Amino acid sequence: MTAEVSDQHAASRRASTGPQQADDSSWHPLLRLLTVLAEQRPMLLATVVTAVLAQLCTIGATGIAAWLVGRTILAGAAGGGETGGLALLGGTALTAGILHWLHSWVSHLYAFRLIAALRMKIFDGLERLAPGRLVQRRTGDVVATAVSDIERLEWIYAHQLPSVVVALVVPVAALVGLSFVAPLIGLVVVLAAVVLGTVPAWLAARAHAQGKALRAELGRLHADVVDGVQGLRELVAFGAGRRYLRGIAEVARSLRGLHLAYGRRAGLENGTADLIVASTVVVALGLGVAAVTSGTLPRAWLPVVVVLAGAVLTPVMQVVSTSSAVGELRGCAARITAVTDAPAPVVERTDARRPPQDLEPRVRFEDVRFAYEAGGPPVLRGVCFEIAPGEVVALVGASGAGKSTCLNLLARFWDVDGGRITLGGHDIRDFTLEGLRGLLAVVPQEVYLFRTTLRENLRLARPAATDEQVRHAAMLAGVTEFAVQLPDGLDTPVAERGLSLSGGQRQRLAIARALLRAAPVLVLDEAVSNVDIENELLVHRTLAELRHGRATLVIAHRLSTIRAADRIVVLDEGRIVESGSHDELTARRGRYAELMAAGQIERPR
Ligand SMILES: Nc1ncnc2c1ncn2[C@@H]1O[C@H](COP(=O)(O)OP(=O)(O)OP(=O)(O)O)[C@@H](O)[C@H]1O
């Protein structure tokens, strides 16, 4: 693929809709997810077959019971001798029970596999979209999709889809039997089944609109709750807890309104369906009585005919009640496919390869142009700079100048619109994404720590690292210094999101991760605040330790770090405006001097 083609890719992926805007006005998302069912074909077959057999046996047992009742009433006191019929009833009822149990077991097994498969698809989608497209979605909303939307869909695919098959097969089988005994009643039941089947279509448009609104509001509620929990410290500090709670209560109230409207419509559908079934049974009874009176139906068959008329319609009823939830399910499916089917912000070339082992650690930005949105304001406008092997380059600029964007493009979280970035002389798009990211060790400003031990958090950077390597990195980065005071040293668990550690300690862990990674390109996004002198010294020690044999880019905010760099590159509104040493740039009295004067570069305290 040429660079131009890749550029077109970059443009089209930004022009296309974000994950939350996928087309959910059609059946497509629900049908699209059926492909997951195909992957579990034998389990689906077992679920459907056991459901059909269990239902047939139940109807059979009911029919036999009704026939026995009819025979017993007719025989009166002289009755008896129905041992064979009773044995048949017992056998059929027992088989029905076993089949229902088997169906429940198989369908749950199937359901759990389905949930796992759907979750894998979601996480695969999230990984593909991260972080470029995910910034458009709120964390809680993503969680709602990954958890509750999937569980809702599992309900239909694993438990309700088999009942649709049952609703098609069982009535046909029962009708065949009914038609032999009472053809006219069979015809009435067929007509009733057809009318019953159309009930969900009457209010389909309203059902879809309601379902879509319901799932969206549920996602909003999740997102608000997660936001509230994550920002609890700020809410408490600013005394805004009550106000925030009132906001959540408002969303909950709106959700309750949507649920009520949804329930009213679903209730109307189910009530109408109930009415159709009850009326059909009454009509069947009337026709049966007339047939018995005219002598065309044996008296003992009357209860069987009435019971069968109701039994034939029961599975269809089940489908009607499932259909009343289809609007909501379409909403769930649309939210899931918005993640699984959204185009990735970067596309790996078909001929992408792993980077060579002996890659020269040289980074070059060549006339790089970029905007986050197609047609949006350009963020980088022809950026050119180079980091030679062993060199430390400090990227300096006002807030919003485009420094982090350079890092985002180097890691291919987004692709450049024009120009190119090379590593060791190769366009970074020649490499596989995994291979490219393996060349980078990034110390981010905000460090995310997982809820596991310090050791495992460090190993994230290099899962195959030996204990000795982990210990060495922890020692160099100053992690050991505070870890020895913890109850289990490096094996102490970190509280959720690392909140039990100070900002400085978290940064030390990030530096240890970078040391452990030992990649040819080091990128350090310097924390603007929160870092004491000791950590500042640590950053310099790390740079001194790591600079040899690698290219280092520091997004620098502090004068001490900037001075420690070999070269300073000044970025202003997406353009490189100056480059040189601190002394050279200060003497020039240009943009760098302005940044110093404006306090945008932190001086030692
Ligand atoms: N994901 C995004 N989507 C759209 N615009 C973005 C995104 N990230 C950054 N921007 C915009 O791009 C411009 C450059 O942002 P960038 O984060 O690169 O600046 P920066 O120099 O690193 O700033 P700071 O020093 O404050 O971190 C800003 O105007 C910012 O609002």
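Just follow the structure's listing: the first ligand is 1, and inside any ligand the first atom is 1. Hydrogens, waters and symmetry mates are skipped; everything else that's a heavy atom, side chains included, is used. Bear in mind that the values here come from a model prediction, so they are computed numbers and not experimental data.
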Taking all heavy atoms of L423 and all of L439, pick out the closest pair and write down the distance.
CD1-CD1, 3.9 Å
Of the choices W414, F370, Y372, F413, which has the non-hydrogen atom that lies closest to atom 10 (N) of ligand 1?
Y372
Using a 4.0 Å cutoff against the non-hydrogen atoms of H557, which atoms of ligand 1 qualify?
25 (O)
I want to confirm something. Looking only at heavy atoms, which of K403, Q445, E373 is nearest to atom 25 (O) of ligand 1?
K403
Measure the spacing between OG1 of T340 and CG of D124 and express it to the nearest 0.5 Å.
9.0 Å
Give a yes/no on ligand 1: does P377 have at least one heavy atom closer than 4.0 angstrom to it?
no
Per-atom contacts of ligand 1 with T405, taking only distances under 4.0 Å to non-hydrogen atoms:
14 (C), 15 (O), 16 (P), 18 (O)
Which atoms from ligand 1 have a heavy atom of S404 less than 4.0 Å away?
17 (O), 18 (O), 20 (P), 22 (O), 27 (O)
Return yes when G397 approaches ligand 1 closer than 4.0 angstrom through a heavy atom, no otherwise.
no
Mark up the atoms of ligand 1 that fall under 4.0 Å of a heavy atom belonging to A398, in ascending order.
21 (O)
Parallel, tilted or perpendicular for F385 and F365, by the 30°/60° rule?
parallel
Proximal atoms of ligand 1 relative to V379 (non-hydrogen, under 4.0 Å)
12 (O), 13 (C), 14 (C)
